[in-house]
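One structure is given below, encoded as C-alpha cells.
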Amino acid sequence: MMSDRARRKLLVANWKMHFVRAQALEYLRVFTERVRGVQKTEIVLAPPFTLLETVGRALHGTGIKLAAQDLFYEREGAFTGEISAIMLKDLGCAYVIVGHSERRRLLGETDEIINKKLRAALDAQIAAILCVGETLEERRAGRTHAVLETQMRGALAGLRLPSPSEGRGDGGEGECLVISYEPVWAIGTGVNAAPEEAEASALFIRELVAQLFNTEIAQRIRILYGGSVKPENFGGFVQQPNIDGALVGGASLDPEAFAQMAKIAERL
Ligand code: 13P
C-alpha cells in the first residue's frame with residue numbers, strides 16, 4: 001500500500017519573503033510560458049501575503065494554484081497584523097503552508113499553535129501543507145523519527161480529516177492535507193538530504209498517517225520533500241516511492257529553474 005503512484009505529483013514554490021509586484025509579474029511572464037503544456041503535475045505558488053492578489057489574478061486560467069505561506073487561527077477580530085483563513089479563501093488560495101521551520105524557529109510557533117492553524121485551514125476548506133522536520137542536532141542524536149512523530153501527533157491532535165473520497169478539501173486532488181518533510185539542516189544550506197534518507201522519513205510519515213487516521217488517507221496523502229531542492233537533484237526525490245513532489249525555496253525564485261523541475265516531474 002505504501003507506494004501508490006496514482007498520487008498526482010505536486011510542486012510548490014515557497015517564495016518566502018521575496019519579490020514586489022513588478023518582480024512577481026516578470027517572473028510569471030517567464031514561468032507561465034515555460035510550463036505551458038505541463039498538465040499531469042500540479043503546480044502551486046506561495047508568494048508573500050502582499051502578492052497574493054496580484055499573483056492570483058495573473059494565474060487566472062493557467063491551472064497554476066495559489067498558496068499562502070501562513071495564516072492565523074482565529075476567524076476575525078482584534079488580532080493586529082494577522083490574516084485569517086477566510087481572507088485567504090477570498091483571495092483564491094487553494095493551499096496554505098503551516099508550521100514552516102522558519103516560523104517555528106524565529107516566531108516561536110509550537111505544535112499547539114500549528115494544530116489550531118490546521119484546524120482553521122480545514123474549516124475554511126483550504127488545503128494545508130504541514131511542514132515537519134528535524135534539526136541537525138536531533139538528526140545527529142538519532143532522533144529524526146521521534147521528532148517527526150512528536151510534530152505530527154501535536155499538529156494533528158484531534159483533527160478529523162475527511163476521507164479523500166469525500167473530496168471535501170480544496171487541494172488539487174480534493175484533499176485537505178499535504179505533508180512536507182523538511183529537514184531543518186537542509187533548508188537554505190545547499191546541503192540536501194540523500195533521496196533515500198528523505199524516502200525513509202516519508203515512509204515513516206505515511207505509516208504514521210495510517211496509524212493516526214486510516215490506510216485510505218495514508219495511501220492518498222501526498223508527501224513532499226523540501227530542503228535545497230534544485231533541478232539537478234529534484235528527479236532523485238520524486239522518483240522515490242513515497243515522495244510525491246517538492247516544496248522549493250531558493251531555487252523557486254528562478255522561473256527557469258522552477259519550470260525545469262515542473263517539466264522533470266511531468267516526464268517521470
Ligand atoms: P530551500 O529550497 O531554499 O532550501 O528552502 C526549502 C524550504 O524551506 C521550502 O519551504
Side-chain angles (χ1 to χ4, degrees), residues 9-19 23 27 31 41-49 51-52 55 64-71 88 93-107 109 114 117-118 121 126-136 138-139 144 147-148 151-152 155 171 177-195 197-199 201-202 205 222-238 240 243-262 264-265:
K9 293 203 182 61
L10 173 61
L11 190 56
V12 184
N14 178 4
W15 285 1
K16 307 191 178 180
M17 197 173 73
H18 291 279
F19 296 164
Q23 291 170 303
Y27 179 107
F31 183 69
T41 303
E42 187 178 357
I43 303 173
V44 178
L45 300 182
F49 288 133
L51 294 174
L52 285 173
V55 172
I64 300 168
K65 301 207 179 90
L66 190 64
Q69 296 175 14
D70 183 39
L71 82 169
L88 299 181
C93 290
Y95 289 90
V96 58
I97 297 171
V98 179
H100 193 280
S101 64
E102 284 151 14
R103 299 197 59 83
R104 292 179 192 255
R105 183 167 52 88
L106 298 169
L107 295 149
E109 280 202 7
I114 291 163
K117 291 187 171 190
L118 286 178
I126 300 178
I129 301 171
L130 167 66
C131 301
V132 293
E134 81 288 358
T135 63
L136 187 57
E138 290 162 341
R139 178 182 184 233
T144 296
V147 168
L148 295 178
Q151 291 177 340
M152 295 268 297
L177 182 68
V178 170
I179 295 174
S180 187
Y181 169 59
E182 304 211 314
V184 178
W185 50 270
I187 296 178
T189 57
V191 182
N192 57 278
E197 194 179 347
E199 164 64 15
S201 290
I205 289 168
R222 290 183 292 179
I223 299 175
L224 311 179
Y225 166 76
S228 297
V229 174
K230 48 187 183 238
E232 297 74 34
N233 61 23
F234 173 69
F237 292 107
V238 278
Q240 300 298 322
I243 299 179
D244 304 303
L247 179 52
V248 187
S252 78
L253 297 175
D254 173 356
E256 303 277 0
F258 195 55
Q260 217 179 317
M261 289 186 244
I264 292 169

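The figures here come from the full heavy-atom set of this structure, side chains too, leaving out hydrogens, waters and symmetry mates. These numbers come from a predicted model, not from an experiment. All ligand and atom numbering here is 1-based and tracks the order in the structure.
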Say whether, by atom type as modelled, one donor and one acceptor occur between the side chain of [X] and the main chain of [Y] under 3.5 angstrom.
{"X": "Asn192", "Y": "Gly227", "result": "no"}
{"X": "Glu109", "Y": "His100", "result": "no"}
{"X": "Thr135", "Y": "Val184", "result": "no"}

Query - Ala186, portion touching ligand 1 at heavy-atom distance under 4.0 Å - result: backbone
Query raised in the report: Taking non-hydrogen atoms only, is Leu247 closer than 4.0 angstrom to ligand 1 via side chain, backbone, both or neither?
Result: both
Query raised in the report: Given Gln69, His100, Glu102, which has its nearest heavy atom closest to atom 10 (O) of ligand 1?
Result: His100
Query - Where Thr41 and Ala262 come nearest, the two heavy atoms and their spacing - result: OG1-O, 4.0 Å
Query - Residue pair Ala198 / Tyr181: nearest heavy atoms and the distance that separates them - result: CA-CE2, 4.0 Å
Report task. Check whether any N or O atom of Ser228, backbone or side chain, sits under 3.5 Å from an N or O atom of ligand 1, and answer yes or no. Result -> yes
Mark up the atoms of ligand 1 that fall under 4.0 Å of a heavy atom belonging to [X], in ascending order.
{"X": "Gly250", "result": "1 (P), 2 (O), 3 (O)"}
{"X": "Lys16", "result": "5 (O), 6 (C), 7 (C), 8 (O)"}
{"X": "Gly249", "result": "1 (P), 2 (O), 3 (O), 5 (O), 6 (C), 9 (C)"}
{"X": "Gly188", "result": "1 (P), 3 (O), 4 (O)"}
{"X": "Asn14", "result": "9 (C), 10 (O)"}

**Report entry** Pair Arg104 + Glu182: basic N to acidic O under 4.0 Å
**Finding:** no
Query raised in the report: Going from CG on Leu71 to CD1 on Ile97, what distance comes out if it is rounded to the nearest 0.5 angstrom?
Result: 11.5 Å
Report summary line: Nearest non-hydrogen protein atom to atom 9 (C) of ligand 1, with distance, is Glu182 OE2, 3.1 Å
Query raised in the report: What is the ring orientation for Tyr27 with Phe31, classed by angle as parallel under 30°, tilted 30 to 60°, or perpendicular over 60°?
Result: tilted
Query raised in the report: Does Gly227 reach ligand 1, in the sense of a heavy atom lying below 4.0 Å from it?
Result: yes
